[in-house]
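The block underneath contains the structure these notes are about, expressed in structure tokens.
All figures in this text were calculated on a predicted structure; none of them were measured in a lab.
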Amino acid sequence: MARGKLRIYLGAAPGVGKTYAMLSEAHRRVERGTDCVAAFVEHHGRRRTEVMLHGLEEIPRRELEYRGAVFTEMDVDTVLARAPKVALVDELAHTNVPGSRNAKRWQDVEELLAVGVDVISTVNIQHLESLGDVVEFITGVRQQETVPDEFVRRADEIELVDMSPQALRRRMAHGNVYQPDKVDAALSNYFRPGNLTALRELALLWVADRVDEYLQQYRSEHRVSAIWGSRERIVVGLTGGPEGRTLIRRAARLAEKGAGGEVLAVYIARSDGLTSASPKELAVQRTLAEDLGGTFHHVIGDDIPAALLDFARGVNATQIVLGSSRRKAWQYVFGPGVGATVARESGADLDVHIVTHEEAAKGRGLPVARGARLGRARIMWGWLVGVAGPALLALLLSTVHLGLANDMLLFLALTVAAALLGGLLPALASAAVGSLLLNYFYTPPLHRWTIADPKNIVAIVIFVGVGISVASVVDLAARRTHQAARLRAESEILSYLAGNVLRGETSLEALLERVRETFGMESAALLERADDRSPWTRAGHVGFGRPVERPDDADVEVPVGDRTALALTGRVLPAEDRRVLAAFAAQAVVVLDRRRLQEEADQSRALAEGNRIRTALLAAVSHDLRTPLAGIKAAVSSLRSDDVAWSEEDRAALLEGIEDGADRLDHLVGNLLDMSRLQTGTVTPIIRETDLDEVVPMALGGVPDPQASVELDIPETLPMVAVDAGLLERSVANLVENAVKYSPGDAPVLVSASALSDRVEVRVVDRGPGVPDEAKERIFAPFQRYGDAPRGAGVGLGLAVARGFAEAMGGTLEAEDTPGGGLTMVLTLRAAGRGPGAPPGPDAGSHPGPDPASQPVGPVRPGRPVGPVGPERQASC
């Protein structure tokens, strides 16, 4: 069955009209007779959006009960059974309620696409996984719900739903986005003009990159070589000289003048006489290019200007930046230079910038390896001098006869010149032609092919021998020079591979891209199979063109063992390139093995951590849980005994002991269950706007005599916080009870709260001996007790659970010293309206922040005070 097509409406912020655009497209398709259903569409109470749902078939939602509340989710099974042509699925990044078919809605969409259902969906730019840090830096909000970029990039169509920040703010002011009581807070917080402008730019640039990928794919498939100046791409030609840093900075400034500008620094290693480049300098320039947001490329090319222009056209560059030549004036007799050649052959579609620098006209500074493999032009000149030269010399000497010895020296000079220019074969031809002309014109008897004097025969033989010897030496020197240059280029590539190992670069795709780029191929893939009879699978693939399914389909195949092969398509490489290619293949296998070993190490580390937790849990159960059980059993046995007549006071004391032991067991088991959920990542809070003065007093229910041992300072003027009330109550209860446990009897614990910017801090302050700095972080680890804390009062989980719940709500929990002695636990929470889950309600349009991550993932028992936390530290108060 053919895979369904995915169309995504991408917006910069809530309220720009993604859902409205999706419904408009659905009505257009229904009018054309397409079977279209609304699998899940959330109108968020917006009247115009709700009206657009009229006339569309809506799939009934699945109701799920969780924590005493009923939630609705998309019923994937019903949609699959209905099998429509097109399904509308809103809010792609949404997290499903526990008990749903999949954890994320985009996974539901993947199921629909797999069975051939076309899907139209919506998502905001802040929910893309790769942009989480950027969005948090801009808005101060960390998105809890994300969707992988790779899934969105694979969409068949992505349409940007754009709106200016001023227009969006007007919509909000008119009540078209949020409820009236949320508008003011939204406009002054998340929806500030600066935030909206930055998010809009992110969305535009992300879509532009996606469009650029389509363009590159189209150009590759249709073999388009002309430059299409759709965006500024600036190629910087590097020689490895010190001027490269100046060129990179200049190119970066040029790129900054246009939105979306891109800098590509390229170093072309020649195999025919390239000036040696300093690996250290190249490494510095590579780092500089990457620090400025560009990329560094290493390419092999026999003709530097041609290779540079081919690279520029291959990446659809619009500008080339080159440095002024470092050659001295007299060196221009050998040619116009790379800069002039590139400028002459660039055509009308490429702008070439020649940048001056301090090293201009000072000489190369490093020896130039002349005389590598003889090029076609030199060979042609060699043949011309070797064949036509003797004839012209004979014509010249016919007017002036200098004697046989001088004539032979002149012909020998032509043979040497032919050898220097063209190598062995032109020199042999020159020696043969020269010897025949000497015999015919200058050796008695003249104008005959015979030689009268035997001495002349010896002279001509010596002449031919000297010519052949010189030609052989020149040809051998050319071959050796070529081999040296070739080995130098190979050593540069091998040095790059070694540098990857030293730098710890383990990306298989990056290595394959370097192979493809270095050898100018269309695609590169690492293929492997389990055994000789198993089919080949791609462990990694980069490039374009036809996909490689097996080594036989590739233009170049380098086997690495019996079950792995590096396959490239594009052209057939010469045999001399396979040695370096084999090094790349071996490195690719090493990277693949390293990645798998890392995955296995991560799994082993997780198993080891699980074993450590289980071991600690068994230790806790063996003592901390058996102690209250033993007390309960002893009290019950005493009450049931007929041998002793218990008074009412004794009976009440025994019953009180049973109740205390049961409460203690309940508290310990609760902490164990909470830590288990935190370790497995199944706790995701339901975020609501909450008043601290409603939650904090409830957290003191498990503290003995809270009026005497705890002082509260919670101002009524504090802003509301975006938290899960149940998790916050559990966190505060653990902190307070842990502090009370170690506080002196005459020093009550202080619980205070204050607002700081977009945060609210809850401080639990005690006056105990405190904890040294080196142990402050360790007390938050599971099953950890500080110092010589006695066993039996807990399993060392209270602070670990408190921090886990705080981080699950997007907050932090840190330990600080109390001035004058003691320890202060600082619980930092998001103020309402500043976090991704601040608003009430599960929809993205009912709050002044971005779409909330408000769906629960693990059951929590709100309202139940937590009992003894256990001595995580010997003396924290």
- prompt: Among all residues two or more places apart in sequence or in another chain, which pass the salt bridge (Lys or Arg N to Asp or Glu O under 4.0 Å) test with Glu136?
  reply: Arg142
field: Contacts of Ser130 that satisfy side chain to side chain donor-acceptor pair (under 3.5 Å) - sequence neighbours left out
entry: Asp149
task: Using the test side chain to side chain donor-acceptor pair (under 3.5 Å), find all partners of Thr295 that sit at least two apart in sequence or belong to another chain.
output: His297
task: Please identify each residue that fulfils side chain to side chain contact (heavy atoms under 4.5 Å, CB included) with Ala251, with sequence neighbours left out.
output: Ile234, Val236, Val263, Val321
message: Under the salt bridge (charged side-chain N to carboxylate O under 4.0 Å, His left out) definition, can you give me all pairs with a residue in residues 4-17, not counting sequence neighbours?
response: Arg7-Glu157, Arg7-Glu159
query: For Ala103, which residues count as a side chain to side chain contact (heavy atoms under 4.5 Å, CB included) partner, sequence neighbours excluded?
result: Gln107
Set of residues satisfying side chain to side chain donor-acceptor pair (under 3.5 Å) with respect to Arg200, sequence neighbours excluded: Asp162
message: Test of understanding: with salt bridge (Lys or Arg N to Asp or Glu O under 4.0 Å), list the residues that count as partners of Glu50, not counting sequence neighbours.
response: none
message: My understanding is that only residues two or more places apart in sequence, or in another chain, count here; which of them pass salt bridge (Lys or Arg N to Asp or Glu O under 4.0 Å) with Asp310?
response: none
statement: Sorted by chain and residue number, the side chain to side chain contact (heavy atoms under 4.5 Å, CB included) partners of Ala21 (sequence neighbours excluded) come out as Tyr9, Val161
query: Which residues pass the salt bridge (Lys or Arg N to Asp or Glu O under 4.0 Å) test with Arg29, sequence neighbours left out?
result: Glu25
- request: List for me each residue that meets side chain to side chain donor-acceptor pair (under 3.5 Å) alongside Glu807, sequence neighbours excluded, and say none if there are none.
  value: none
- prompt: Heavy-atom count around Arg48 CZ within 6.0 Å, excluding the residue itself: above 12?
  reply: no
